[in-house]
Number of protein chains: 2
Amino acid sequence: MSVTAAKGFRAAGIAAGIKASGSPDLALVVNTGPGRAAAGVFTSNRVKAAPVLWSEQVLKGGAVTAVVLNSGGANACTGPQGFQDTHATAEKAAEVLGHSAGEIAVASTGLIGELLPMDKLLPGVAKAAAELSEHGGEKAALAIMTTDTVHKTAVASSPAGWTVGGMAKGAGMLAPGLATMLVVLTTDADVDTPALDKALREATRVTFDRADSDGCMSTNDTVLLLASGASGITPDYDALAAAVRTVCADLARQLIGDAEGASKDIRIEVVNAATEDEAVDVGRAIARSNLLKCAIHGEDPNWGRVLSAIGTTAAAFEPDRLGVAINGVWVCRNGSVGEDRDLVDMRFREVVITADLAAGEESAVIWTNDLTADYVHENSAYSS
Amino acid sequence: MSVTAAKGFRAAGIAAGIKASGSPDLALVVNTGPGRAAAGVFTSNRVKAAPVLWSEQVLKGGAVTAVVLNSGGANACTGPQGFQDTHATAEKAAEVLGHSAGEIAVASTGLIGELLPMDKLLPGVAKAAAELSEHGGEKAALAIMTTDTVHKTAVASSPAGWTVGGMAKGAGMLAPGLATMLVVLTTDADVDTPALDKALREATRVTFDRADSDGCMSTNDTVLLLASGASGITPDYDALAAAVRTVCADLARQLIGDAEGASKDIRIEVVNAATEDEAVDVGRAIARSNLLKCAIHGEDPNWGRVLSAIGTTAAAFEPDRLGVAINGVWVCRNGSVGEDRDLVDMRFREVVITADLAAGEESAVIWTNDLTADYVHENSAYSS
């Protein structure tokens with residue numbers, strides 16, 4: 001499963017000693033071809049980690065033969081030495097795999113502002129290469145975890161005989177712009193780089209880019225899609241795009257479900273917006289209200305905090321036409337008191353907030369989490 | 001002190017029974033003249049409470065003879081009935097004071113989405129009027145508290161013989177746009193409405209508008225400045241503006257110092273920005289990073305989270321020229337590791353974060369708080 005569900009990929013996940021805990025911390029994913037088309041989407045944070053700067057260059061070539069991923073250190077804000085370390089990591093992988101470093105992507109996650117222990121990382125690359133396997137996808141997914149409590153994988157297979165699979169990590173720092181998430185997707189479909197790139201961008205726009213756990217955008221987010229062509233099948237573009245979107249949506253939902261300290265997963269549906277962009281803006285404003293996130297944690301259907309958040313946006317709406325439903329109960333109608341809030345049942349983990357802007361026909365869904373004392377605790381004493 | 005420090009004002013604060021706790025919940029401030037010039041600044045939230053909509057209209061006339069303020073209910077998102085209730089409040093005050101309702105401002109704070117108990121509020125207005133006193137400023141300041149743990153007042157007196165005084169409430173929901181803060185300032189200087197308006201806007205722009213406790217903007221923020229002219233002195237504009245700014249800065253600092261659940265007051269200084277607006281944008285982005293606010297709570301000088309926040313803005317800067325000091329220790333230089341983070345002493349309540357954009361000569365200061373489990377607790381079970 002995971003990145004090795006599709007044919008033409010081998011993977012490994014090992015403990016290189018980067019994490020003091022001795023947990024797995026280095027993953028390697030190798031495309032054995034025959035194709036090597038690839039696409040990538042990276043953080044929109046202007047402060048980018050060294051591996052992001054490196055991999056952006058690699059992806060410009062449109063081909064990736066291997067990805068080295070490490071947890072235990074983000075290699076962000078580490079200056080020229082940090083970039084040299086990423087370069088050395090790619091060179092090491094190139095050496096042991098017999099490929100060009102220019103087609104080897106690198107991704108890192110963990111604490112910002114510390115250099116990676118290269119004396120452990122580089123031997124780890126060789127060790128991982130020695131353990132590459134067509135069944136190594138799960139181990140790779142385990143090795144990229146930081147504060148994740150479970151590893152995350154997803155697969156979509158076409159009856160036509162091709163597959164898209166993937167793995168993801170990311171528990172805190174999620175936000176639009178794909179924060180602290182590392183995702184590698186693979187497919188054995190025979191697809192060229194432009195189609196891969198289009199399918200990946202379309203998918204991330206409506207999945208990872210609409211998951212906003214804590215409003216914080218990472219320096220390291222990386223989502224890669226590699227195609228081996230090993231199935232020998234070139235699917236219809238729409239079928240490929242749907243499969244990539246399915247796997248991205250599955251992984252994004254898993255990321256939200258495992259967000260740091262969260263006790264509620266909140267699905268924010270903004271409906272009847274004038275434009276899709278405005279629906280997204282409103283959804284994000286709601287998702288970023290700490291007051292609302294605390295209320296949801298307390299199972300308090302505090303719709304006033306939803307309206308307060310909507311009011312901070314520039315979206316088209318009239319305050320006295322707004323509606324809000326929480327788990328299907330329209331507690332706010334026409335900008336004022338609606339159904340009895342005591343009717344709202346919030347005992348379950350998933351909470352659905354529907355915001356009706358009464359301004360058009362467009363809609364969007366944003367996922368977020370509640371804000372909890374556990375989140376505060378986990379992030380007051382962070383070590384990856 | 002408070003709103004009665006300046007001559008020409010009387011005030012009262014009483015328990016009208018709006019709060020179930022029986023605590024004081026209704027304040028009345030009356031300008032006995034001879035002047036009645038006034039200025040107001042209101043929330044920029046597009047979802048505005050009924051008293052904000054009312055008072056905005058009152059202030060268009062440039063004159064205010066009295067302000068009725070209540071805690072225990074925001075009268076926001078309460079539809080036409082809510083507006084009628086505000087109107088009735090002003091009419092009641094007009095009746096007992098013998099003034100026109102068109103010169104009576106109203107401000108409310110508390111839970112959103114519930115109608116006020118007018119059967120208690122209206123008799124409360126009469127009761128407060130009966131208790132008006134030239135020494136009533138402290139009682140008025142006490143009556144507007146919600147989750148505040150202390151009442152907030154400030155005074156600046158000119159040697160020339162005029163005074164600016166004020167009171168404020170607001171503990172959570174602070175944000176640019178002046179969230180859930182009710183502030184009444186008074187002066188006995190003889191000043192016309194345009195000068196008052198200019199002085200108030202200039203002052204709030206660099207004080208209340210740069211306090212961002214939790215990023216949430218209220219539906220009810222109101223800052224009023226009333227001038228009685230009772231000193232008979234018309235100060236130089238710059239002297240007036242400085243006094244208003246001093247009182248606003250004092251009250252804003254008190255608001256941050258009493259923010260819900262906070263254990264640290266964080267002064268964010270953005271320096272060497274290309275423009276003042278960009279300095280403010282960067283300061284707000286830093287102030288809104290939940291991850292950073294948790295780190296500060298844990299006394300962790302996690303400068304990577306400062307850089308992550310800066311990187312989300314559009315301000316002019318080069319990532320490899322950024323610098324960050326925490327309590328004077330430059331833990332980040334040139335976008336990378338600087339001085340030893342163990343040198344940073346964070347034991348005290350006030351924490352200073354300096355972000356050097358190395359892009360110009362402008363600067364701004366934004367105040368915020370840490371994010372704590374107490375904040376989560378207080379806002380998971382809110383009742384004003």
Side-chain angles (χ1 to χ4, degrees), chain A residues 44-48 74 76-82 111-115 172-173 177 179 214-219 288-292 294-295 297-298 300 302-305 307-313 317 319-320 322 331-332 334-337 371-373 375-382, chain B residues 44-48 74 76-82 111-115 172-173 177 179 214-219 288-292 294-295 297-298 300 302-305 307-313 317 319-320 322 331-332 334-337 371-373 375-382:
Chain A
S44 51
N45 200 308
R46 291 170 61 205
V47 176
K48 296 180 202 299
C77 306
T78 44
Q81 184 61 50
L111 199 60
I112 297 175
E114 296 195 355
L115 291 168
M173 228 178 179
D214 67 0
C216 295
M217 190 195 294
S218 166
T219 50
R288 291 186 178 183
S289 167
N290 280 350
L291 284 173
L292 175 65
C294 287
H297 177 53
D300 169 12
N302 195 319
W303 58 268
R305 294 176 180 179
L307 257 62
S308 298
I310 296 173
T312 64
T313 71
F317 69 81
D320 61 2
L322 293 171
V331 284
C332 170
N334 297 320
S336 182
V337 186
L371 179 57
T372 71
Y375 175 88
V376 174
H377 177 75
E378 198 160 334
N379 287 297
S380 300
Y382 177 87
Chain B
S44 52
N45 199 308
R46 291 171 59 205
V47 176
K48 295 181 203 300
C77 307
T78 44
Q81 184 61 50
L111 199 60
I112 297 175
E114 295 194 356
L115 290 168
M173 225 179 179
D214 66 0
C216 295
M217 188 195 294
S218 165
T219 50
R288 292 187 177 184
S289 167
N290 280 350
L291 285 173
L292 175 65
C294 288
H297 177 53
D300 170 12
N302 195 319
W303 58 268
R305 294 176 179 178
L307 258 63
S308 298
I310 297 172
T312 64
T313 72
F317 69 82
D320 61 2
L322 293 171
V331 285
C332 169
N334 296 320
S336 183
V337 186
L371 179 58
T372 71
Y375 174 89
V376 173
H377 178 73
E378 198 159 336
N379 287 296
S380 300
Y382 178 87

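Letters A, B, ... mirror the listed sequences (proteins, then strands); counts begin at 1.
Interface residue Leu322(B): only side-chain heavy atoms are found under 4.5 Å from chain A. Of the two parts of Asn290(B), the backbone and the side chain both hold a non-hydrogen atom closer than 4.5 Å to a non-hydrogen atom of chain A.
Minimum heavy-atom separation, Leu371(A) to Val376(B): O-CG1, 3.4 Å.
For Thr78(B), the side-chain hydrogen bond (donor to acceptor under 3.5 Å, both in side chains) criterion is met by Asn75(B), not counting sequence neighbours. Take Ser289(A) and apply the side-chain hydrogen bond (donor to acceptor under 3.5 Å, both in side chains) test, not counting sequence neighbours, and it matches no residue.
Heavy-atom pairs under 4.5 Å with chain B peak, among Ser336(A), Cys294(A), Gly79(A), at Cys294(A). Ranked by heavy-atom pairs under 4.5 Å with chain B, the list Pro319(A), Gly298(A), Cys77(A) is led by Cys77(A). When Ile310(A), Thr313(A), Asn334(A) are compared by the number of non-hydrogen pairs under 4.5 Å with chain B, Thr313(A) comes out ahead.
Remark: the backbone N or O of Ser218(A) is not paired with any side-chain donor or acceptor of Ser308(B) at under 3.5 angstrom.
When side chains are defined from C-beta on, Thr219(B) does not count as touching Leu307(A), because their heavy atoms never get closer than 4.5 Å.
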